[in-house]
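All values reported here derive from a predicted model rather than from experimental measurement. Reminder, nothing fancy here: chain letters follow the sequence lines and each chain counts from 1.
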Amino acid sequence: MSLNLKKGVNRQSAYNLRDPNIDYEAAHTLSIIVDNESGVLARVIGLFSGRGYNIDSLTVAEIDHSGHRSRITIVTSGTPKVINQIKAQLNRMVPVHEVIDLTLKGKAVQRELAIFKVNGTGNQRVEALRLADVFRAKVVDSTLKSFTFELTGNSEKIDAFAELMEPLGLLEMARTGIVALLRGHNSS
Amino acid sequence: MKSSKEKITGAEIVIKALIEQGVDTVFGYPGGAILPVYDELFQQKKIRHILVRHEQAATHAAEGYARSTGKIGVVFVTSGPGATNSVTGLTDALMDSVPIVVISGQVPTFMIGNDAFQEADTVGITRPCTKHNWLVKDTNKLAETIHKAFHVAKTGRPGPVLVDIPKDVQFASGCYTKKKKVSTDFFKSELSIDPNLLVETVQRLEKASKPIIYSGGGVINSGEKAVNLLRKLVSKTNFPITSTLMGLGSYPASGNNWLGMLGMHGTYEANMSMHDCDFMLCVGARFDDRITGRIDAFSPSSFKVHIDIDPSSINKNVTVDVPLIGDVSIILEELIAAWEKRGSKVSTQKLGQWWKEIGEWKNVKSLKYTNSSSVIKPQYALQKLEEHTRGHNRYISTEVGQHQMWAAQFMGFEEPNRWMTSGGLGTMGYGFPASIGIQVAHPKSLVINVAGEASWLMNMQELGTAVQYRLPVKQFILNNERLGMVRQWQELLHGERYSHSWSDALPDFEKLAEAYGIKGIRCEDPAKLDDAIKAMLDYPGPVIFDCLVEKHENCFPMIPSGKAHNEMILGEKTQSDNISDQGAVLV
């Protein structure tokens with residue numbers, strides 16, 4: 001009564017069988033208002049890792065000091081079904097007050113801040129400074145053979161600047177990840 | 001938040017808050033970090049403490065208590081190993097939506113993070129297996145936190161919570177906050193009934209030619225009102241109804257419209273009806289993979305309405321046409337009212353045809369098995385157990401495996417809260433401690449744990465608890481000296497290579513019972529089974545019933561992994577190459 005199975009089939013992962021979400025994947029920016037209590041970020045991140053959701057970018061800081069509320073901005077990607085799951089799962093967490101899908105709600109201002117350290121001398125150094133001016137990056141520190149630039153903008157702008165700095169002696173960079181708010185006069 | 005000015009110790013606050021919450025029973029095990037609470041427990045008479053023999057058992061006992069009463073189960077454990085041992089029970093309760101509150105001791109606040117003796121990051125470890133958890137660092141916030149914990153455990157979809165209390169917080173003095181002073185606004189149950197969707201549901205219901213109602217544990221969690229409304233809806237519409245493992249008892253097994261359980265080991269008629277239906281009303285169930293089988297072939301032509309209190313259950317596994325979010329009792333009430341307002345119509349003629357079709361599936365008699373006069377078949381043992389206990393004031397718990405599925409198939413549940421089993425997590429070792437929790441809650445009732453010998457051994461230490469508290473729990477062990485379900489899968493899928501799936505070095509269960517001063521019964525002759533079961537029922541104390549059964553019996557019917565509802569295996573003879581390569585990798 002044994003079944004004739006090919007050898008080795010059990011080495012496959014069940015998760016590779018078929019993609020249950022054949023729909024298209026899209027990036028969504030979620031703004032999550034939470035109680036700023038100990039462990040709250042771990043809860044949110046644990047939800048994403050535990051259920052296998054992506055985190056493309058994450059920022060968090062307290063935005064209401066007297067009410068101890070923080071805003072977590074997460075850029076995630078998934079099919080509409082997965083995005084809905086993520087929002088439903090976040091919404092049922094006790095310290096989560098509100099989950100706003102900025103991608104669905106309208107146009108949002110999305111910004112990142114990045115700091116670049118670029119080493120160079122001579123023409124290279126001049127070129128870096130000229131490009132920084134074009135990108136409206138600020139020089140926040142300098143030595144005779146380096147510049148440290150601060151740049152704010154959307155992620156594509158940061159990426160583009162990083163790409164230009166690469167051949168001009170980009171040593172290292174740090175970026176914050178996206179913060180975002182809805183455009184217009186209404187609150188998110 | 002105002003508090004009374006009088007200061008009491010943290011440990012006193014714990015006991016006072018539990019009493020205010022109406023707690024009368026706690027399951028637990030003391031240890032260094034929770035000693036102040038145990039000291040307070042000793043000095044009062046309102047809360048009864050049941051000393052278990054392992055913390056995992058405390059959580060399962062609390063689950064059994066909660067599920068058989070509808071109340072919240074409470075557990076005390078100490079820090080470190082006490083807390084880590086409770087993790088399985090917490091996860092089990094989360095999966096099966098059982099409200100329990102675990103109070104864990106923790107090392108003093110000033111030692112947290114120092115790798116202190118019996119220190120573990122309890123809130124970190126239990127974060128993914130609770131609805132919410134709290135580490136309380138201030139005695140003044142202790143009462144408030146405990147009240148909040150009870151609120152979260154029972155609000156919305158019920159589940160487990162944990163409150164971790166460092167020892168210095170238990171010793172320190174603080175103010176007590178009364179329950180009514182604690183705002184519950186921070187966590188509410190969702191309700192969203194779109195009147196248009198309700199009307200659409202009713203229209204579909206009226207026109208349905210092949211309807212089915214598929215109910216789950218949510219009906220039982222919602223309570224008596226939801227159960228009565230469900231029964232009313234079934235009897236007034238004359239729709240067929242099937243339930244998940246967790247939903248058994250919400251509709252009586254003796255009811256006319258009952259198709260039996262659905263899913264992997266559900267009846268042929270239930271699964272075929274699910275597959276062929278054109279209108280599905282899912283009431284408090286969550287389209288679990290044990291239920292759906294192959295998801296892309298699940299009930300392909302039906303209009304699906306999903307009633308669930310948890311919005312995250314909607315469209316998680318199966319995309320539905322109409323979600324109705326909220327408590328089952330509220331939604332069913334609205335739904336029935338809307339339907340009655342329009343004249344309580346159904347498509348009677350088409351429904352008659354549908355019942356005829358279902359009748360043909362019923363005639364397949366998918367639960368049939370070949371009986372034997374020389375060896376006890378497990379199905380036969382359960383049929384006999386059912387026969388002798390039907391009509392009793394009876395509660396059944398189970399372990400996990402073949403015996404569990406057979407119990408679900410062969411025992412009839414007429415009322416909710418009478419059937420306690422580990423569904424979502426599938427925790428071997430659940431049944432014995434759960435039976436203890438049930439018996440504590442219902443001292444005069446008949447409590448039977450239907451077990452397999454392998455599962456039962458996982459928490460057999462609880463014999464001590466049963467004996468200490470004179471809990472007359474009956475341990476009905478279907479002993480096939482195998483890990484039956486593992487063995488079955490190895491037979492079907494792994495070339496009959498029975499890798500580590502036999503129970504070697506089993507104890508002599510009669511002597512084990514004797515060692516604890518209780519009754520042991522062994523039965524291996526089908527002819528003597530009736531008398532043996534009667535002897536078990538007649539004995540006033542705990543019994544270990546070692547029922548030696550056929551060792552190689554397989555549990556049928558079965559939807560093989562990766563197959564659809566209409567591709568069930570009915571029994572040994574009908575199968576060949578039933579599981580595909582792809583199905584073989586699924587669990």
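Only the side chain of B:D310 comes within contact range of chain A, judged by heavy atoms closer than 4.5 Å. With a threshold of 4.5 angstrom between heavy atoms, B:L135 does not approach chain A through any atom at all. Looking at B:F187, only its side chain comes within 4.5 Å of chain A, counting heavy atoms on both sides.
Heavy atoms from other residues, nucleotides or ligands lying under 6.0 Å from NZ of A:K157 number more than 12. Around the NZ atom of B:K551, the shell of radius 6.0 Å holds more than 12 heavy atoms that belong to other residues, nucleotides or ligands. Counting heavy atoms of neighbouring residues, nucleotides and ligands inside a 6.0 Å radius, atom NE2 of B:H500 does not exceed 12 of them. Within a 6.0 Å radius of NZ in B:K304, more than 12 heavy atoms belonging to other residues, nucleotides or ligands are found.
A search for salt bridge (Lys or Arg N to Asp or Glu O under 4.0 Å) contacts involving A:D56 returns nothing, not counting sequence neighbours.
Tested against B:H132, the residues A:R43, A:M93, A:R92 include a single side-chain contact (heavy atoms from CB on, under 4.5 Å) partner, A:R43.
Closest non-hydrogen pair, B:T319 versus A:K81, comes out as OG1-NZ, 3.9 Å. The shortest non-hydrogen separation linking A:A88 to B:S312 is CB-CA, 3.5 Å.
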